[in-house]
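A short write-up of the structure that comes next.
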Amino acid sequence: MQTNLADFIKNTREGEEADAILRKCVHCGFCTATCPTYQLLGDELDGPRGRIYLMKQVLEGKPATRKTQLHLDRCLTCRNCETTCPSGVQYGRLVDIGRKIVDQQVPRPLSQRIVREALKESLPRKWMFTPAMKMGQMARPLLPKALRNKVPAKQHAGTWPRTQHARKMLLLDGCVQPSMAPNINAATARVLDALGVQMIVAPRAGCCGAIRYHLNDHDGGLNDMRNNIDAWWPYVEAGAEAIVMTASGCGATVKEYGHLLAHDPAYAAKAERISGLTKDLSEILPDFQAELASKLEGKIGKRVAFHPPCTLQHGQQIRGKVEGLLTAVGVDVTLCADSHLCCGSAGTYSVLQPELAYRLRDDKLAKLEATSPEMIVSANIGCLTHLQSGTETPVRHWIELVDGALSKAA
Ligand code: SF4
Ligand code: SF4
């Protein structure tokens, strides 16, 4: 597609990146058919091709309007369109740039600004979020349904293994997961301990940066990323083999540190190294598949449905690894129809666009439950909480299933 960027953005770093992405788009529209919001709303401007066109107009100097902002707000950033696109258009990067520029031109109403500021300031800070979550869990039975949906029941993490192993890997605790589902990382540490690997949580590491970055606070998000690099670096220098992610949303972001900090001379090389070391848990455990299978033989007789998060299958382009591993250790695992579609959680989307988010959740749950699972498993804290709010079927991280069976086998 031909472009003619306006002076305000031409020759800037973001302008050049956006221009290169726009030029790859041939406007074929293949992506539109697989876009969840286009499927729900049937409006070209609520699909990727329409949104790309809107962003191109803004970057070429046409003033953005509230309508432009609304069509970009309704995008889940699920990146399903990237998987579909035959031309390699990096829609996720383009929409991050486009949203920031549109927000600079179109001030949001006060009510929206308050909600977005509250999310940006509270979610990434454990010292704010953890006590708030504890209070929410105590008051959970009394909360209105909309709020109860965001507060999972209190969970016990069990014991964290204390054995020292020569093989060591870092584990990101992140921001909201430790208080919402502390068992996920504890289960990961126990499973890897049984396989001879010690998991280390760097005390100063925190939010991966995605929350602030995707809410248009790029500077705040980049600072969260620099903080994690500083927290991990001594362990990397000491020989940590990998940085393991149990939330695929965080994994998709940390794998982009190298790109997002490429312009920062103090951090560019370290960020590249951190991204290179970062692995989703489903990229680590297949190396131990035979050992796990022999430990677990016949111990997991469950029928489970796997929901692959968008950040795993589209953001990180990892498909088939969780299902392959679970099948190898004896789980009867299935994908539901339209498993490529988003469940509606999408970071802060379920708070900011609740109507669309719940329609997508209910569609997803209907398809998952059509497979008659005893349990639904996934790989991202946001998806787990969002799906669990709409069903009585237990929804867990897949590593909790493996850990539960391993402790029974021990
Ligand atoms: S599929 Fe790719 S090239 Fe075609 S319209 Fe969508 S983004 Fe553009
Ligand atoms: S990121 Fe998802 S919701 Fe947004 S345009 Fe692409 S497919 Fe549609």
Side-chain angles (χ1 to χ4, degrees), residues 1-3 17-60 64 67-103 210 213-216 248-249 252-253 255-256 307-319 338-364 380 382-383 386:
M1 177 196 300
Q2 282 199 332
T3 56
E17 186 176 6
D19 195 44
I21 297 169
L22 284 171
R23 282 171 181 269
K24 278 192 187 169
C25 177
V26 294
H27 242 59
C28 64
F30 288 158
C31 52
T32 303
T34 57
C35 171
T37 55
Y38 178 76
Q39 288 184 4
L40 285 181
L41 301 165
D43 183 337
E44 169 77 12
L45 297 179
D46 283 312
R49 183 171 61 178
R51 290 181 178 125
I52 288 170
Y53 188 63
L54 288 174
M55 288 186 274
K56 178 178 185 284
Q57 286 183 319
V58 172
L59 292 165
E60 290 184 334
K67 193 168 176 306
T68 319
Q69 193 175 50
L70 177 66
H71 290 300
L72 297 189
D73 280 354
R74 286 187 188 146
C75 169
L76 295 141
T77 330
C78 68
R79 296 167 66 183
N80 199 338
C81 46
E82 287 189 28
T83 299
T84 315
C85 176
S87 302
V89 171
Q90 291 172 295
Y91 174 88
R93 282 298 304 141
L94 183 64
V95 81
D96 273 338
I97 297 167
R99 278 176 170 149
K100 188 176 127 186
I101 291 163
V102 168
D103 267 22
Y213 200 89
H214 293 309
L215 284 169
N216 296 330
S248 58
T253 301
K255 285 183 177 181
E256 288 183 353
H307 164 58
C310 299
T311 41
L312 190 72
Q313 60 173 331
H314 305 306
Q316 299 186 57
Q317 293 288 316
I318 296 172
R319 284 186 281 277
D338 292 334
S339 65
H340 60 286
L341 290 180
C342 180
C343 68
S345 169
T348 53
Y349 190 90
S350 63
V351 178
L352 298 172
Q353 298 288 332
E355 193 199 324
L356 294 176
Y358 285 123
R359 282 171 69 186
L360 288 167
R361 180 198 69 179
D362 293 344
D363 285 353
K364 178 63 69 181
N380 190 52
C383 310
H386 189 58

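Order of appearance sets the numbers: ligands from 1, and atoms from 1 within every ligand.
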Quiz prompt | Which segment of Tyr38 sits under 4.0 Å of ligand 2 when only heavy atoms are counted | solution = neither
Practice problem: Give the atoms of ligand 2, by number and element, whose distance to some non-hydrogen atom of Arg51 is under 4.0 Å. | Solution: 3 (S), 4 (Fe), 5 (S), 8 (Fe)
Quiz item: Among all protein non-hydrogen atoms, which one is nearest to atom 8 (Fe) of ligand 2, and what is the separation to 0.1 Å?
Solution: Cys35 SG, 2.3 Å
Quiz item: Hey, is the main chain of Asp46 close enough, under 3.5 Å, to the side chain of Thr37 for a donor-acceptor pair?
Solution: yes
Hey, can you pull the donor-acceptor pairs under 3.5 Å for the side chains in residues 87-95, sequence neighbours left out?
from, atom 1, to, atom 2, distance (Å)
Arg93, NE, Glu17, OE2, 2.9
Arg93, NH1, Tyr213, OH, 3.2
Arg93, NH2, Glu17, OE1, 3.0

Quiz item: What protein heavy atom is closest to atom 3 (S) of ligand 2, reported as residue, atom name and distance in Å?
Solution: Leu76 N, 3.4 Å
Quiz item: Does the Arg99 side chain pair with the main chain of Leu72, one donor and one acceptor, at a distance under 3.5 Å?
Solution: yes
Practice problem: Considering heavy atoms of the protein only, find what lies nearest to atom 4 (Fe) of ligand 2 and give residue, atom and distance to 0.1 Å. | Solution: Cys75 SG, 2.3 Å
Quiz item: Can you name the side-chain contact (heavy atoms from CB on, under 4.5 Å) partners of Gln316, sequence neighbours left out?
Solution: Ser248, Ala252, Lys255, Asp280, Glu283, Leu312, Ile318
Exercise. Taking only heavy atoms of Arg79 into account, list the atoms of ligand 2 that are under 4.0 Å away from them.
Key: 1 (S), 2 (Fe)
Self-check item: Nearest-contact summary for atom 2 (Fe) of ligand 2 - protein heavy atom, Å
Solution: Cys78 SG, 2.3 Å
Exercise. May I ask you to identify, for Thr34, whether its side chain, its backbone, both or neither come under 4.0 Å of ligand 2 on a heavy-atom basis?
Key: neither
Quiz prompt | Nearest atoms (heavy-atom pairs only) where Arg51 meets His71 | solution = NE-O, 2.7 Å
Self-check item: Gly382 backbone acceptor or donor facing Ser345 side chain under 3.5 Å
Solution: yes
Practice problem: Identify whether the distance between the nearest side-chain nitrogen and carboxylate oxygen of Arg23 and Asp19 falls below 4.0 Å. | Solution: yes
Exercise. Look at atom OH of Tyr358 and say whether more than 12 heavy atoms of other residues, nucleotides or ligands are closer to it than 6.0 Å.
Key: yes
Self-check item: Under 4.0 Å to a heavy atom of Pro86 - the qualifying atoms of ligand 1, by number
Solution: 1 (S)
Quiz item: Which pairs count as salt bridge (Lys or Arg N to Asp or Glu O under 4.0 Å) when at least one residue sits in residues 348-360, sequence neighbours excluded?
Solution: none
Self-check item: Min heavy-atom dist Gly88 to ligand 1 below 4.0 Å
Solution: no
Self-check item: Main-chain N/O of Cys343 paired with His386 side-chain donor or acceptor, under 3.5 Å
Solution: yes
Quiz item: When you check the space around atom 8 (Fe) of ligand 1, which protein N, O or S atoms turn up under 2.8 Å?
Solution: Cys25 SG
Self-check item: Donor-acceptor contact present, side-chain His314 to main-chain Thr77, <3.5 Å
Solution: no
